[in-house]
Amino acid sequence: MKKSVISFLTLVLGIVGLFSCELIENEPVGNPNLGITGFFPERGALRGDTITIMGTGFDPVTYQNQVTFDGGVRIVQGIPDDNGLIVEDSLFEVDAPRQYAKVVSASFQELQVIVPDEAFGGFVNVLFGVDTASSPVEFELISLLKRPVIENVTPRLGAPGSFVSVSTRNFITTPGGEIDVDSMVVLFGGINAAISPNSILINAQVPSIPAGPTDLRVGVISERGDTLLSQPVNFSILPGILDVPTVYWTGFPQLATYSMRKGSLDDGLISIDSNFVASNFDFTTGIAIDKERELIYWADQNSFVANSTFIYTADLEGNLLFSRELTLNGVRDIVLAGNNNQRLYATNGRSDIRQFNLNVDGSLPGSPPTIVYRNDGSSIVNLKIVGNDFYWVDATAGSVQYGVLENNALVDIETLFSTADGLVNPTAIAVGVATQTLYIADLENDGVTIYRGNLGGTGSLAEVYTSATTGAFNAGITDMEIDEDSEFIYWMLDTRDSNFEAVGGLYRRSTTSERDAELIFNTEAGNYFDLD
């Protein structure tokens with residue numbers, strides 16, 4: 001009986017002990033030794049930066065610690081009434097609410113936290129259970145800005161004098177919503193670059209510094225004059241000074257004033273004349289340069305009159321010389337060919353290629369053109385001619401075609417490459433005579449790819465360049481040219497953002513190496529182009 005009583009008491013005491021333990025575990029805990037000795041950095045941080053809080057009594061479990069930043073005193077204009085309406089135009093002080101910070105790591109003596117987006121500086125507090133500790137000094141922000149972040153750089157390499165596009169977050173904008181380039185810097189290896197805004201991007205010109213890998217950073221100048229730098233992005237400086245021929249190009253009619261454009265890059269200094277030949281143009285498309293006679297030809301469609309297209313002629317100084325109205329609709333590309341460029345060819349864009357025999361002064365004759373090729377249902381968007389060999393893109397068939405000119409007619413027509421070779425929507429070609437190479441630009445969903453193939457159409461296509469391009473309107477690569485003297489291929493990329501602003505440009509890439517593409521300059525409404 002006595003043994004039973006002892007066993008019963010032991011059981012009761014065990015149960016009581018369990019309840020006691022449970023009650024103790026449910027009581028709020030803390031650490032009376034909780035304290036903040038300092039933080040790093042005390043100043044020099046920005047909203048969104050990670051800082052380290054040093055002290056004692058922290059919990060190594062991250063979520064057990066709560067960290068707040070005192071809001072500090074803010075200056076507000078106007079005194080609100082009980083309904084929150086401003087009744088008096090004056091300045092007054094208010095206490096900003098505390099801001100909770102995200103704790104990203106914890107130990108007994110250190111906490112790493114992210115400065116809240118709405119922080120204004122002030123004392124830092126750590127709450128652990130029932131205990132609270134405040135910092136001995138106030139935390140000081142050097143700016144109410146957030147540190148800039150580089151989201152993308154296109155391309156990631158370039159020679160001195162070339163241009164790259166840099167997109168960032170947390171930059172300063174003007175009251176009109178544009179990027180305030182006066183409050184920003186772009187650094188290549190610590191060297192300032194010339195910059196200009198373009199929609200939501202920054203155009204930066206690569207400075208003259210030694211070739212090789214370097215860091216690219218974007219900086220925002222704070223209210224106190226400090227330069228707040230982004231994290232570095234790898235960038236490669238290509239050797240040599242960028243040598244770019246003079247470029248003439250036409251544009252789609254998205255601008256208030258339509259004109260011929262001219263661009264050049266001399267000694268690293270870019271120059272674009274967006275009103276090179278000023279006139280009331282409607283829809284400028286194909287373009288060709290006669291280097292011998294120093295003339296420039298281009299087509300302009302009349303959107304308001306059916307079957308009406310003008311071919312204009314000007315000198316290389318931008319003086320308009322001749323114009324000829326043609327009963328054609330949908331002219332896309334024009335090309336000069338023959339001895340001394342005495343013939344001009346125009347693609348109808350619908351089904352045919354037409355030949356004009358030019359006058360001695362370069363003007364178009366009054367006689368009607370000769371149709372050298374017709375294929376009803378085709379859409380000829382890009383044409384290249386080497387001697388009597390014709391190469392063109394049929395956008396409807398999704399193919400690159402070839403023919404030989406004999407007695408003012410194209411014969412021996414054949415398909416060189418098509419969708420059977422992996423093409424989706426070919427838009428432009430370039431012909432490398434010396435290397436017997438054909439380059440094909442293909443628009444594939446929201447991306448543009450350039451392929452290289454044999455000029456005779458044998459073998460398979462090899463991908464040499466690809467670029468993701470997104471926008472509300474994407475015409476892809478509208479034209480390509482090869483400067484075989486410098487062994488570079490050029491192309492005009494036309495893409496629009498959601499506001500229909502041009503975000504494309506003129507690019508080039510070496511045909512003999514694995515260099516990536518270089519952005520020569522951004523264009524406004526780029527279309528067909530030719531090199532001088």
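The structure presented is a predicted model; accordingly, all values stated were derived computationally and were not measured.
Of all the heavy atoms in Phe188 and Pro207, the pair that sits closest is CD1-CD, 3.4 Å. Ile440 and Pro426 make their closest contact through CG2-CB, 4.1 Å (heavy atoms, listed as atom of the first residue, atom of the second, distance). Between Ser165 and Asn203 the shortest heavy-atom distance is OG-OD1, 3.5 Å. The two residues Val137 and Phe39 have their closest heavy-atom pair at O-CZ, 3.6 Å. When all heavy atoms of Trp491 and Arg508 are compared, the closest pair comes out as CZ3-C, 4.2 Å. What you find for Asn454 and Leu438 is that their closest heavy atoms are O-CB, 4.3 Å.
Under the 4.5 Å side-chain criterion, counting only non-hydrogen atoms from C-beta, Ile53 is in contact with Val113. Here the side chains of Val124 and Val67 are in contact, with some heavy-atom distance below 4.5 Å. Taking the side chain as every heavy atom from C-beta outward, Ser196 and Val181 never approach each other to under 4.5 Å. Counting heavy atoms from C-beta on, the side chains of Thr214 and Ser236 never come closer than 4.5 Å. The shortest distance between side-chain heavy atoms of Thr466 and Ile450 does not fall below 4.5 Å. Looking only at side-chain heavy atoms (C-beta outward), Tyr490 and Ile482 stay at 4.5 Å or farther from each other. With a 4.5 Å cut-off on side-chain heavy atoms, Leu443 and Ile477 do not count as touching. Put simply, the side chain of Met54 reaches to within 4.5 Å of the side chain of Phe40, judged on heavy atoms.
Sparse packing is recorded around CD of Gln231, with 12 or fewer heavy atoms of other residues, nucleotides or ligands lying under 6.0 Å away.
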Just do the side-chain contact (heavy atoms from CB on, under 4.5 Å) check on Leu216 and Val153 with the steps written out, would you?
CA-CA 9 Å; Leu216 187 148; Val153 180; 4.2 Å; yes

Can you list the steps and then say if Val424 with Thr419 is a side-chain contact (heavy atoms from CB on, under 4.5 Å)?
CA-CA 6 Å; Val424 176; Thr419 54; over 6 Å; no

Working for side-chain contact (heavy atoms from CB on, under 4.5 Å), residues Asn234 and Asp215:
CA-CA 5 Å; Asn234 294 330; Asp215 290 337; 4.1 Å; yes

Evaluation steps, side-chain contact (heavy atoms from CB on, under 4.5 Å), between Thr37 and Gln109
CA-CA 10 Å; Thr37 58; Gln109 295 180 321; over 6 Å; no

Applying ring-ring contact (aromatic ring centres under 6.0 Å, His included) to Phe69 and Phe139, what does each step give before you reach the verdict?
CA-CA 8 Å; Phe69 285 67; Phe139 174 77; 5.4 Å; yes

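Side-chain contact of Asn125 with Ser134: a donor-acceptor pair under 3.5 Å is present, judged by distance alone. Side-chain contact annotation: Asp394 with Ser399, donor-acceptor N/O pair under 3.5 Å absent.
Judged purely by atom type and a 3.5 angstrom limit, Ser230 has no side-chain atom pairing as donor or acceptor with the backbone of Val149. Panel note: side chain Asn65, backbone Val61; a donor-acceptor pair is recorded below 3.5 Å. In terms of modelled atom types and a separation under 3.5 Å, the side chain of Asn152 and the main chain of Ser167 share no donor-acceptor contact. The backbone N or O of Gln64 sits nowhere less than 3.5 Å from a side-chain atom of Asp59 that would complete a donor-acceptor pair. Formation of a donor-acceptor pair under 3.5 Å by the Thr68 side chain with backbone atoms of Gln99 is not found in this model. With Thr50 contributing its side chain and Ile114 its backbone, the two residues share no donor-acceptor pair below 3.5 Å. Of the possible donor and acceptor atoms, none in the side chain of Thr56 sits under 3.5 Å from a partner among the backbone N and O of Leu34. Side chain of Ser135 to backbone of Glu138: no donor-acceptor contact under 3.5 angstrom is found.
In this view, Ser379 and Val381, Ala395, Thr396 satisfy the side chain to side chain contact (heavy atoms under 4.5 Å, CB included) rule, not counting sequence neighbours.
Here the CZ atom belonging to Arg261 is positioned 6.5 Å from the OG1 atom belonging to Thr284, to the nearest 0.5 angstrom. Rounded to the nearest 0.5 Å, atoms CD (Gln66) and OG1 (Thr132) are 9.0 Å apart. The CZ atom of Arg452 sits 5.0 Å away from the OH atom of Tyr439 when rounded to the nearest 0.5 Å. Remark: Met492 CE to Tyr528 OH distance equals 12.0 Å, nearest 0.5 Å. Distance check, rounded to the nearest 0.5 Å: OG1 of Thr250 to CG of Asp530 gives 10.5 Å. Rounding to the nearest 0.5 angstrom, the gap separating the OG1 atom in Thr168 from the CD1 atom in Ile150 is 8.0 Å.
Under the side chain to side chain donor-acceptor pair (under 3.5 Å) test applied with Asp479, the options Thr427, Asn527, Asn382 reduce to a single match, Asn382.
The aromatic rings of Tyr465 and Tyr507 are tilted relative to each other, their planes meeting at an angle between 30° and 60°.
Taking the six-membered ring for Trp and the full ring otherwise, Phe529 and Tyr248 have centroids separated by 6.0 Å or more.
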